[in-house]
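Reading through the structure tokens given below for one structure.
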Amino acid sequence: MSILVDQSTRLIVQGITGREGTFHAKGSAEYGTKVVGGVTPGKGGTVHEGWPVFNTVEQAMLETGANVSMIFVPPPFAADAIMEAADAGMPLIVCITEGIPSMDMVRAWEYLNGRRSRLIGPNCPGIISPGKCKVGIMPGRIHKQGSIGIVSRSGTLTYEAVYQLSQRGIGQSTAIGIGGDPIIGTTFVDAIKLFNEDPETEAIIMIGEIGGNAEETAAEYVKKNVRKPVVSFIAGQTAPPGRRMGHAGAIISGGHGTASEKIKALEAAGIKVAKSPAVIGETLAQAIGATAKA
């Protein structure tokens, strides 16, 4: 079973006529995802790379039956693109765009409250259910269909974990990159809840990083609710306080959000923590023992 995306996904790309939108729409289609069109205001009624282009998300949904949107709109306009998709009732919105102003995302986050749309991102690699559907920028070839759920703030470390698992013959049910910004749509807890309820996901990898308290909150949720094996890795363990490391949300302030605090909370919840990104796959393999499925 896949979560959020599968063979029934009908994808539109907001910003499809841009260079990145075109490139990754093609990549998703080549993986087997049903890309049914795109949205670029002012270019409605045209055809781009064989896909119909619409002026609005609402129009695109009515004409194509789209149920997922992937956003490659430039940062100054990306929050508006998110809100437009939510206003149209898009069930799943995946925002790849990096560099959206925080105040814009505050507005978008508030706008999404009470609506039926789920947002993944922004500043994320997207989501993939191997062998079924890819909505994002991740290299599909390294993934292998299986039973391990992955949720990560880091796109690069998602790929690293996936590659290590696939090399060991351990497949993934779904991999979700939730994004590294301070304000995001889908949290660790949201994703872990989905994996916990999925009968075909047998274990979970959570890849976090310094800054904020999302990992500690997830650890508390796992401790109370999850009986499947959970493995984690925290990036930024050598980061100095007050220095931003990579993602906008990866900053230690006031002594909070340190790697040591996060690791302590994770281990207290019974989560096995990999000491290095090089051993994420090995740590997961040890956690699941002989129950791993290729």
Side-chain angles (χ1 to χ4, degrees), residues 1-5 82 86 91-95 105-106 108-129 136 147-155 157-158 161 172-236 247-251 256-259 261-274 280 284 287:
M1 180 178 178
S2 305
I3 62 170
L4 301 181
V5 297
I82 292 169
L92 179 64
I93 306 163
V94 181
C95 185
M105 276 310 302
V106 169
W109 189 87
E110 289 178 345
Y111 192 82
L112 285 165
N113 276 342
R115 297 179 185 270
R116 72 186 188 99
S117 300
R118 175 188 293 276
L119 171 66
I120 295 176
N123 187 17
C124 77
I127 178 171
I128 182 171
S129 286
S147 60
I148 308 302
I150 300 175
V151 55
S152 173
R153 284 170 72 179
S154 164
L157 288 177
T158 305
Q172 307 90 48
S173 55
T174 301
I176 308 173
I178 59 174
D181 282 1
I183 302 168
I184 56 175
T186 296
T187 66
F188 280 128
V189 170
D190 294 332
I192 290 171
K193 184 174 186 292
L194 290 170
F195 285 134
N196 193 43
E197 294 171 352
D198 175 20
E200 294 186 16
T201 294
E202 296 186 353
I204 303 164
I205 294 177
M206 179 180 77
I207 302 175
E209 60 190 14
I210 59 169
N213 66 348
E215 292 81 1
E216 291 91 333
T217 302
E220 189 64 26
Y221 180 84
V222 168
K223 186 176 182 178
K224 291 179 179 178
N225 301 284
V226 180
R227 295 296 171 261
K228 298 178 181 183
V230 181
V231 165
S232 184
F233 173 72
I234 301 297
H247 289 149
I251 182 170
H256 298 290
T258 64
E261 286 178 329
K262 293 178 185 294
I263 291 170
K264 183 178 178 181
L266 293 167
E267 291 180 336
I271 297 170
K272 295 184 181 297
V273 181
I280 296 173
L284 185 281

* **Within residues 225-235 or reaching into it, pairs that qualify as salt bridge (Lys or Arg N to Asp or Glu O under 4.0 Å) - sequence neighbours excluded** => none
* Taking every non-hydrogen atom, the tightest pair across Ile120 and Gly177 -> CG2-O, 3.5 Å
* Asked: Atom OG1 in Thr258, atom CD1 in Ile263: separation rounded to 0.5 Å?
  -> 8.5 Å
* To do: For the pair Ser232 (side chain) and Met206 (backbone), establish whether a donor and an acceptor sit closer than 3.5 Å, ignoring hydrogens and angles.
  => yes
* Sequence-distant partners of Leu194, side-chain contact (heavy atoms from CB on, under 4.5 Å), two or more places apart -> Ile3, Leu4, Arg118
* To do: Over all heavy atoms of both residues, which pair between Phe188 and Ala214 is shortest? Give the atoms and the distance, please.
  => CD1-CB, 3.9 Å
* To do: Could you tell me which non-hydrogen atom of Ala218 sits nearest to which non-hydrogen atom of Val189, and how far apart they are?
  => CA-CG2, 3.7 Å
* To do: Just jot down the side chain to side chain donor-acceptor pair (under 3.5 Å) partners of Tyr221, sequence neighbours excluded, or say none.
  => none
* To do: Find the distance between CE (Met105) and SG (Cys95) and round it off to the nearest 0.5 Å.
  => 7.0 Å
* Structure fact -> In short, Ala86 meets Ile93 closest at the heavy-atom pair N-CD1, 3.7 Å
* Structure fact -> Interatomic distance, CD1@Ile204 vs OG@Ser147, rounded to 0.5 Å, equals 11.0 Å
* **Under 3.5 Å: donor-acceptor pair, side chain of Thr186, backbone of Leu119** => yes
* Asked: Looking at residues at least two apart in the chain, or sitting in another chain, which of them share a side chain to side chain donor-acceptor pair (under 3.5 Å) with Glu215?
  -> Arg153, Lys262
* Structure fact -> d(Ile280 CD1, Lys272 NZ) to nearest 0.5 Å is 15.5 Å
* Partner set under side-chain contact (heavy atoms from CB on, under 4.5 Å) for Leu284, not counting sequence neighbours -> Ile148, Leu165, Ile170, Ala203, Ile205, Val231, Ile288
* **Val222 versus Ala269, closest heavy-atom pair with distance** => CG1-O, 4.5 Å
* Asked: In Å and rounded to the nearest 0.5 Å, what is the CD1 to CD1 distance from Ile192 to Ile176?
  -> 10.0 Å
* **Derivation and outcome, side-chain contact (heavy atoms from CB on, under 4.5 Å), residues Ile128 and Gln172** => CA-CA 9 Å; Ile128 182 171; Gln172 307 90 48; over 6 Å; no
* Could you give the distance from OG1 (Thr201) to CD1 (Ile150), rounded to the nearest 0.5 Å? -> 10.5 Å
* **Flag, side chain of Asp181 to backbone of Ile183, donor-acceptor distance under 3.5 Å** => no
* To do: Output all residues satisfying side chain to side chain donor-acceptor pair (under 3.5 Å) with Asp190, sequence neighbours left out; order by chain, then residue number.
  => Thr187
* Structure fact -> Nearest heavy-atom contact between Ser173 and Phe195 is OG-CE2, 4.1 Å
